[in-house]
Chemist: 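Structure below; questions to follow.
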Amino acid sequence: MWRAPGFSRFSRFVLVEYCLARTDLEPAQAAGDAVSVLALFDDARGCEKFAQRVLTFPAGVEIARIDEEHDEVLYVLRGAGRAVAGDSRAELAPDVSIYAGRGTAWAIEASEELELVSVLVRDPEPVDAGSFGTVDIQAETRGTATASRQFTLGAWAGTGCLSVTQFVGFVPPGRAPDHYHRYDEVIYILEGTGILHIDGEQAPVGPGSCIHLPRMLVHSLENSGDTELRLLGVFRPSGSPAEAYYPDGTRAVYEEES
């Protein structure tokens with residue numbers, strides 16, 4: 001398991017319930033399926049609204065995809081290729097988001113091995129047949145949240161994804177005040193080092209760490225490094241990543257509102 005400097009033991013409470021490292025897990029591959037699946041947070045780990053996974057697509061193969069039960073939002077970690085849905089084709093590279101609504105037939109063509117963070121959305125909101133889209137998150141404008149934190153949006157209601165909001169968050173060094181959200185969220189740490197604080201317990205996080213935050217859970221994610229921490233978040237119901245509340249129930253505000 002990845003360990004942050006200075007941490008010789010982990011709080012089992014936080015580790016088991018809300019935080020895990022992908023390096024502790026083994027990928028699986030179904031018979032006849034070329035895609036490798038690393039299961040992260042899902043109903044087996046107390047996350048009933050999502051199935052968070054890392055998918056690896058081999059190069060040189062076109063792989064068709066369709067899910068009749070779930071919406072799916074994905075984020076490219078590494079690799080290159082294209083996503084194809086009907087007459088639409090989109091180039092895939094790191095920091096590109098994909099959204100496929102329930103029942104949408106689409107495919108991935110990997111020109112080099114592709115690794116993506118996928119989140120399946122259980123019981124999604126109704127959407128039009130064939131709902132599909134991609135977003136180059138790097139090209140999106142940053143928004144502002146509490147404690148000088150910023151975010152850029154991937155799949156969200158404005159791109160046709162009605163069930164969840166997907167975003168990349170940018171956390172400066174330091175710790176935000178304890179707070180909670182009124183949405184359920186899964187997080188994947190992309191870059192940087194930090195500490196997850198919940199109920200007086202702590203767990204270090206780094207690249208590849210995954211976090212599940214049920215709605216109303218009071219927490220704080222501290223950036224314990226000297227550079228910006230970057231994370232991928234998906235939450236439902238869809239809304240703004242800037243919405244947060246302090247433990248006494250007052251709404252957290254950010255600089256533009258103060």
Chemist: Hey, could you give me the CZ/CD distance between Phe41 and Glu185, rounded to the nearest 0.5 Å?
Modeler: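 Phe41 atom CZ to Glu185 atom CD measures 12.0 Å (nearest 0.5 Å).
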
Chemist: Could you note down all residue pairs passing salt bridge (Lys or Arg N to Asp or Glu O under 4.0 Å) where residues 80-90 supplies at least one of them, sequence neighbours left out?
Modeler: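 Those involving residues 80-90 are Arg82-Glu91, Arg82-Glu109, Arg89-Glu109.
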
Chemist: Is any side-chain heavy atom of Leu40 closer than 4.5 Å to a side-chain heavy atom of Leu25?
Modeler: yes

Chemist: According to a hydrophobic-cluster definition based on side-chain heavy atoms being under 4.5 Å apart (Ile, Leu, Val, Met, Phe, Trp, Tyr only), do Val37 and Ile66 belong together?
Modeler: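 No; tracing contacts between hydrophobic side chains, which count when under 4.5 Å, never links both residues.
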
Chemist: If you look at every heavy atom in Asp178 and Val218, which pair is closest and at what distance?
Modeler: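 Taking Asp178 first and Val218 second, the nearest heavy atoms are CB-CG1, 3.8 Å.
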
Chemist: Is a salt bridge present between Glu115 and Arg22, judged by a nitrogen-to-oxygen distance below 4.0 Å?
Modeler: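 Yes, this pair counts.
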
Chemist: Checking the side chain of Asp71 only, and the main-chain atoms of Pro124 only, is there a donor and an acceptor separated by less than 3.5 Å?
Modeler: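 Checked: no pair found.
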
Chemist: Which distance, rounded to the nearest 0.5 Å, do you find between the CG of Leu221 and the CG of Leu231?
Modeler: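 Output value for this atom pair is 6.5 Å.
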
Chemist: In Å, rounded to the nearest 0.5 Å, how long is the span from CZ of Phe167 to OG of Ser97?
Modeler: 12.5 Å

Chemist: Would you call Glu113 and Arg78 a salt bridge, taking side-chain N to carboxylate O under 4.0 Å as the test?
Modeler: yes

Chemist: Membership question, hydrophobic clusters at under 4.5 Å side-chain separation (ILVMFWY): are Ile189 and Phe151 in the same one?
Modeler: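 They do share one cluster, since a chain of ILVMFWY contacts under 4.5 Å joins Phe151 to Ile189.
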
Chemist: Cation-pi check, Arg149 to Phe170: give yes when NZ or CZ is under 6.0 Å from the six-membered ring centre and within 45° of the ring axis, no otherwise.
Modeler: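 That pair does not qualify as a cation-pi contact.
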
Chemist: Could you tell me whether a side-chain N or O of His212 sits under 3.5 Å from a main-chain N or O of Glu17, the two making a donor and an acceptor?
Modeler: no

Chemist: Should the pair Glu48-Arg215 be classified as a salt bridge under the 4.0 Å nitrogen-to-oxygen rule?
Modeler: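 Not counted as a salt bridge, because no side-chain N and carboxylate O are separated by less than 4.0 Å.
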
Chemist: Sort and list the pairs that fulfil ring-ring contact (aromatic ring centres under 6.0 Å, His included) and have at least one residue in residues 56-115, not counting sequence neighbours.
Modeler: Trp106-Phe132

Chemist: Could you state whether Leu38 and Leu190 fall into the same hydrophobic cluster, counting links through intermediate Ile, Leu, Val, Met, Phe, Trp or Tyr residues with side-chain heavy atoms under 4.5 angstrom apart?
Modeler: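 Leu38 and Leu190: one cluster.
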
Chemist: Where is the tightest heavy-atom contact between Gly79 and Pro94, given as atom of each residue plus distance?
Modeler: O-CD, 3.5 Å

Chemist: Do the non-hydrogen side-chain atoms of Val96 and Val135 ever get within less than 4.5 Å of each other?
Modeler: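 Contact flag for Val96/Val135 side chains = no.
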
Chemist: Quick one, Ser238 with Thr165, criterion side-chain hydrogen bond (donor to acceptor under 3.5 Å, both in side chains). Give me CA distance, side-chain angles, the key distance, then yes/no.
Modeler: CA-CA 5 Å; Ser238 184; Thr165 294; 2.7 Å; yes

Chemist: Looking just at side-chain N and O atoms, do Glu222 and His197 make a donor-acceptor pair shorter than 3.5 Å?
Modeler: yes

Chemist: What's the shortest heavy-atom distance between Pro207 and Gly192, and which atoms?
Modeler: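 Taking every non-hydrogen atom into account, CD-O, 3.3 Å.
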
Chemist: Please determine whether side-chain contact (heavy atoms from CB on, under 4.5 Å) holds for the pair Ile187 and Leu232, giving the CA-CA distance in whole Å, both sets of side-chain angles, and the decisive distance to 0.1 Å.
Modeler: CA-CA 6 Å; Ile187 290 170; Leu232 172 70; over 6 Å; no

Chemist: Quick one: salt bridge (Lys or Arg N to Asp or Glu O under 4.0 Å) pairs with a partner in residues 122-133, sequence neighbours left out?
Modeler: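 Found Asp43-Arg122.
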
Chemist: Take Leu217 and Ile198 through the test side-chain contact (heavy atoms from CB on, under 4.5 Å) and record every step on the way to the result.
Modeler: CA-CA 8 Å; Leu217 178 70; Ile198 296 176; 3.9 Å; yes

Chemist: Roughly how far apart are Asp42 CG and Cys47 SG, rounded to 0.5 Å?
Modeler: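 Interatomic distance, Asp42 CG to Cys47 SG, rounded to 0.5 Å: 7.5 Å.
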
Chemist: Measuring only between side-chain heavy atoms, which start at C-beta, is Arg182 closer than 4.5 Å to Met216?
Modeler: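 Counting from C-beta outward, Arg182 and Met216 do come under 4.5 Å.
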
Chemist: Determine the minimum heavy-atom distance between Ala107 and Ala64, stating which atoms define it.
Modeler: CB-CA, 4.0 Å

Chemist: Taking the side chain from Gln166 and the backbone from Ala155, do they hold a donor-acceptor pair closer than 3.5 Å?
Modeler: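 Yes; judged by distance alone, with no hydrogens or angles, the pair exists.
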
Chemist: Do you know which two heavy atoms are closest between Glu68 and Gly103, and how far apart they sit?
Modeler: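 Closest pair (atom of Glu68, atom of Gly103, distance): OE1-CA, 3.6 Å.
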
Chemist: How long is the gap from SG on Cys161 to CD on Glu72, to the nearest 0.5 Å?
Modeler: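 Answer rounded to 0.5 Å: 11.0 Å.
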
Chemist: Under 4.5 Å between side-chain heavy atoms, counting indirect links through other Ile/Leu/Val/Met/Phe/Trp/Tyr residues: same cluster for Val117 and Leu92 or not?
Modeler: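 Hydrophobic grouping puts Val117 apart from Leu92.
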
Chemist: Would you please test Ile108 and Leu114 for side-chain contact (heavy atoms from CB on, under 4.5 Å) and show each step?
Modeler: CA-CA 9 Å; Ile108 282 185; Leu114 272 167; 3.7 Å; yes

Chemist: Would you call Leu74 and Leu55 a side-chain contact if the rule is heavy atoms closer than 4.5 Å?
Modeler: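 They are in side-chain contact.
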
Chemist: Are the ring centres of His179 and His219 closer than 6.0 Å?
Modeler: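 Under 6.0 Å, so yes.
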
Chemist: For Phe235, which of Phe50, Trp156, Tyr183 qualifies under ring pair (Phe, Tyr, Trp, His ring centres under 6.0 Å)?
Modeler: Tyr183

Chemist: Are any side-chain N or O atoms of Asn223 and backbone N or O atoms of Gly225, one a donor and one an acceptor, separated by less than 3.5 Å?
Modeler: yes

Chemist: Determine whether Tyr188 and Val234 make a side-chain contact, defined as any pair of heavy atoms from C-beta on separated by less than 4.5 Å.
Modeler: no

Chemist: Measure the CD1-CG distance between Ile211 and Leu196 for me, rounded to the nearest 0.5 Å.
Modeler: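 Those atoms lie 5.0 Å apart.
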
Chemist: May I ask you to decide whether Arg230 forms a salt bridge with Glu191, counting only side-chain N to carboxylate O separations under 4.0 Å?
Modeler: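 Yes.
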
Chemist: Checking Val54 against Ser118 for the side-chain contact (heavy atoms from CB on, under 4.5 Å) test, could you report, in this order, the C-alpha distance in whole Å, the side-chain angles of both residues, the deciding distance, and whether it holds?
Modeler: CA-CA 6 Å; Val54 173; Ser118 161; over 6 Å; no

Chemist: Report yes or no: do Val186 and Tyr180 belong to one cluster of Ile/Leu/Val/Met/Phe/Trp/Tyr joined by side chain heavy-atom distances under 4.5 Å?
Modeler: no

Chemist: Nearest heavy-atom pair of Pro214 and Asp184: which atoms, and what distance?
Modeler: CA-OD1, 3.4 Å

